[in-house]
**Q** 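Structure in structure tokens, see below.
Naming: A, B, ... by sequence-line order, numbering from 1 per chain. Excluded from the calculations below are hydrogen atoms, water molecules and symmetry mates; all remaining heavy atoms, backbone and side chain alike, are included.
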2 protein chains.
Amino acid sequence: MKLPSEKSAGRRKSRPTFESLQPHEIELADFFVRMAGILGVPRSVAEIYALLYISPGPLDFDHIQGRLGMSKGSVSQGLKFLRGHEMILSVKEKGARRERWQPTPSLAASLVALLRSQVLPALEQAQPSLQRVLADVQQHGANPEVVERLTRLNRWNSRALELAPLLLPPPGA
Amino acid sequence: MKLPSEKSAGRRKSRPTFESLQPHEIELADFFVRMAGILGVPRSVAEIYALLYISPGPLDFDHIQGRLGMSKGSVSQGLKFLRGHEMILSVKEKGARRERWQPTPSLAASLVALLRSQVLPALEQAQPSLQRVLADVQQHGANPEVVERLTRLNRWNSRALELAPLLLPPPGA
DNA sequence: CCGATGTTTCAATAATTTTTGAACTTAGGC
DNA sequence: GCCTAAGTTCAAAAATTATTGAAACATCGG
């Protein structure tokens, strides 16, 4: 099933044409796009993941670009993101020049990595900040209820920070 | 501590001036803005919440607008959002015309409500969609690995839907 | 090294989301 | 009922975020 098309005279190497997405592929992509949205992950990234997820084997750069009809730049950045969060793996065939991509075996692990990368830095950065705010408020002899609130917030943050390694274990554990 | 300012001749009712935020208030707002960002909640909403959180008592519309220097529209929409997610309460004093707002006692409960409202609808909407995709893929006699992946995805979604009431209990429970 | 293929970068553009403010609605006091 | 203060709505503007594509870079086989 290959449309020859594209004037293609004798010259080799006219860039191949790709089928556009099938209805069921679109539906799965919509699902991933929606879920990704919750975590603030851009559409193009979710689409790439969905395509790899529903494809019977690893795909290379050009296939991804062709089937999704998106720019090189987006594909490159999307793959970078997915790689960075260990959501995809490259399968480099021996004699081949190009890399081919497929989803990491565990989607669950991927999601954990994603969450981790969003939440942990925020919690870490917050720690000193929250402590300063609490100190400030106590100094200025503020309302006891406010002091209480901020104390609780601080405790929360610390606990979350302690628990994080358990709930969102780093890749090597 | 009240700046008289504003040419204010004898006429009553020049709109009052409000102090701009103190450094520690800004720092707390930054914290909330950052956390809200993870959940896709806009800056203005986080700022309003932060202000109520660090204020010694409930604040009315004009105070919020004045101290944060934001538009009426934003304050109105922000309060609507926070109300909708049960993150703030109004304290209506007897003889008073205007409502005054303060944070709900439990920030934890508020966050749960927020998460719930984002995640649950997505999971529910996904269910039939995922089932259709799986059926489609099975019909077209696709790669067994893909079928396996989609089956797992379906199971996950169902489980999440079952567990949701436990992890993200609705307000009345 | 060279030339060609494959990929990344990043400034410009497009798309999306948030904020504003003026017109409109609602509710209370008289 | 009318008038006014209080709050809401929503179209337009501003701000932010995502995407594109052309130029730069990297890497491999010869």
**Q** With no hydrogens and no angle check, do the side chains of B:Q131 and B:N154 hold a donor and an acceptor under 3.5 Å apart?
**A** no
**Q** Specify the separation, in whole Å, of atom CD of B:Q65 and atom P of D:dA6.
**A** 12 Å
**Q** Could you give the CD-to-C1' distance, from A:E47 to D:dT20, as a whole number of Å?
**A** 14 Å
**Q** Would you say A:S71 reaches D:dT19's phosphate, i.e. side-chain N/O to OP1/OP2 under 4.0 Å?
**A**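 No, outside the criterion.
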**Q** What I'd like to find out is whether the side chain of B:R67 reaches to under 4.5 Å of the side chain of B:E25, using heavy atoms alone.
**A** yes
**Q** Where each residue is assigned the nucleotide of DNA chain C containing its nearest heavy atom, which of A:S74 and A:W101 is assigned the position nearer the 5′ end?
**A**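 First, find each residue's nearest nucleotide; the 5'-ward one identifies A:W101.
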**Q** Indicate yes or no: at least one non-hydrogen side-chain atom of B:N157 is less than 4.5 angstrom from one of B:L153.
**A**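 Not in contact.
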**Q** Expressed as a whole number of angstroms, how long is the span from A:R100:CZ to C:dG6:C1'?
**A** 15 Å
**Q** Would you kindly give the NZ-to-C1' distance between B:K80 and D:dG7, to the nearest whole Å?
**A**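 In whole Å, D:dG7 C1' lies 11 Å from B:K80 NZ.
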**Q** Please give me the minimum heavy-atom distance between B:A113 and B:H85, naming the atom from each residue.
**A** CB-O, 3.8 Å
**Q** May I ask you to say what B:R83 touches in the nucleic acid, namely base, sugar-phosphate or nothing, with a heavy-atom cut-off under 4.0 Å?
**A** sugar-phosphate
**Q** Hydrogens and angles aside, do B:S129 and A:E27 bring a side-chain donor and acceptor to less than 3.5 Å of each other?
**A** yes
**Q** Figure out the NE2/P separation between A:H63 and C:dT7, and round it to whole Å.
**A** 11 Å
**Q** How long is the gap from CD on A:Q65 to CG on A:D60, to the nearest 0.5 Å?
**A**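 A:Q65 CD to A:D60 CG: 10.5 Å, rounded to 0.5 Å.
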**Q** Please list, for nucleotides 11-18 of chain C, all pairs of protein and nucleotide N/O atoms separated by less than 3.5 Å.
**A**
none

**Q** Could you go over nucleotides 22-24 of chain D and give all protein N or O partners under 3.5 Å, atom names and distances?
**A**
none

**Q** How close or far is atom C1' of D:dA5 from atom CG of B:D60, stated in whole angstroms?
**A**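 Distance check: B:D60 CG to D:dA5 C1' gives 12 Å.
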**Q** For A:L68 and D:dT19, what is the distance between atoms CG and P respectively, to the nearest whole Å?
**A** 11 Å
**Q** Flag yes if A:L107 and A:V91 sit in one hydrophobic cluster, no otherwise; membership is Ile, Leu, Val, Met, Phe, Trp, Tyr, and two members link when side-chain heavy atoms are under 4.5 Å apart.
**A** no
**Q** Rounding to an integer number of Å, can you tell me how far A:I48 CD1 sits from D:dA18 P?
**A**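 Answer to the nearest Å: 14 Å.
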**Q** Take A:Y53 and B:L150 through the test side chain to side chain contact (heavy atoms under 4.5 Å, CB included) and record every step on the way to the result.
**A** CA-CA 9 Å; A:Y53 199 85; B:L150 287 171; 4.1 Å; yes
**Q** For a quick test of reading the model: is some side-chain N or O of A:S76 closer than 4.0 Å to OP1 or OP2 of C:dT8?
**A**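 Answer is yes, contact under 4.0 Å.
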**Q** Heavy atoms, side chains only, cut-off 4.5 Å: are B:V45 and B:Y49 in contact?
**A** no
